[in-house]
Amino acid sequence: MRLVVLNSLGQEVRVLVDAVLPSGRYQSVWKGRDDAGRALGSGLYFYQLQSEAFKAMQRMLLLK
């Protein structure tokens, strides 16, 4: 499973999960920082969830 956060240009900002996981429920929290630990500005971001048989993308709004 791979869960990434993308900016409005479609660039990867943060990789939250990139591992093989067994079936089940999982929770992940993004604290508004990029992979280098820098705080990101308020705005529109997207998250993409991808597995072998499934791919979905949704938008989210980061407010500070």
Side-chain angles (χ1 to χ4, degrees):
M1 180 174 89
R2 183 169 166 84
L3 177 61
V4 296
V5 178
L6 308 162
N7 63 16
S8 59
L9 299 175
Q11 301 164 325
E12 282 189 11
V13 172
R14 179 81 191 244
V15 177
L16 298 174
V17 178
D18 191 8
V20 176
L21 300 172
S23 297
R25 290 180 174 244
Y26 296 93
Q27 181 177 335
S28 184
V29 176
W30 177 52
K31 296 188 178 188
R33 297 191 175 271
D34 65 7
D35 279 333
R38 297 179 297 247
L40 298 171
S42 296
L44 182 65
Y45 292 88
F46 298 88
Y47 65 89
Q48 183 178 50
L49 178 63
Q50 184 175 354
S51 70
E52 288 183 16
F54 180 78
K55 185 175 185 179
M57 181 182 286
Q58 293 290 319
R59 63 181 177 227
M60 61 183 165
L61 189 60
L62 176 63
L63 296 174
K64 292 190 172 195

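As the structure is a computational prediction, the values presented were derived from the model and not from experiment.
- Pairing each heavy atom of Leu62 with each of Gly41, the nearest pair is CD2-O, 3.5 Å.
- Note: the hydrophobic cluster containing Phe54 also contains Val5 (ILVMFWY, side chain heavy atoms under 4.5 Å, direct or indirect links).
- Applying the side chain to side chain contact (heavy atoms under 4.5 Å, CB included) rule to Val29 yields the partners Gln27, Lys31; only residues at least two apart in sequence or on another chain are considered.
- Applying the side-chain hydrogen bond (donor to acceptor under 3.5 Å, both in side chains) rule to Arg59 yields no partners; only residues at least two apart in sequence or on another chain are considered.
- Once rounded to the nearest 0.5 Å, the distance linking OH of Tyr26 with CE of Met1 reads 7.5 Å.
- Residues that satisfy the side chain to side chain contact (heavy atoms under 4.5 Å, CB included) test with Glu52, not counting sequence neighbours, are absent from this structure.
- At a threshold of 4.5 Å between non-hydrogen side-chain atoms, the residues Val4 and Tyr47 do not count as touching.
- Partners of Arg33 by side-chain hydrogen bond (donor to acceptor under 3.5 Å, both in side chains), not counting sequence neighbours: none found.
- Residues satisfying the side-chain hydrogen bond (donor to acceptor under 3.5 Å, both in side chains) criterion with Gln48, sequence neighbours excluded, are absent altogether.
- At least one side-chain heavy atom of Glu12 sits less than 4.5 Å from a side-chain heavy atom of Leu6.
- Taking the side-chain hydrogen bond (donor to acceptor under 3.5 Å, both in side chains) definition, one finds that Gln11 meets it with Asn7, sequence neighbours left out.
- Closest heavy-atom contact between Lys64 and Gly32: NZ-O, 4.5 Å.
- Proximity of the aromatic rings of Tyr45 and Trp30 is defined here by a centroid distance below 6.0 angstrom, and this criterion is met.
- The hydrophobic cluster containing Leu49 does not contain Val20, counting ILVMFWY residues as joined when their side-chain heavy atoms lie under 4.5 angstrom apart, directly or transitively.
- Each of Leu16, Asp18, Val15 was compared with Leu3 under the side-chain contact (heavy atoms from CB on, under 4.5 Å) criterion, and only Leu16 meets it.
- Leu40 and Met60 fall within the same hydrophobic cluster, where Ile, Leu, Val, Met, Phe, Trp and Tyr residues are linked whenever their side-chain heavy atoms come under 4.5 Å apart, directly or through other members.
- Minimum interatomic distance between Leu61 and Gly43 (heavy atoms only, all atoms of both residues): CD1-O, 3.4 Å.
- Salt bridge annotation for Asp34-Arg14: absent, with no cationic side-chain nitrogen under 4.0 angstrom from a carboxylate oxygen.
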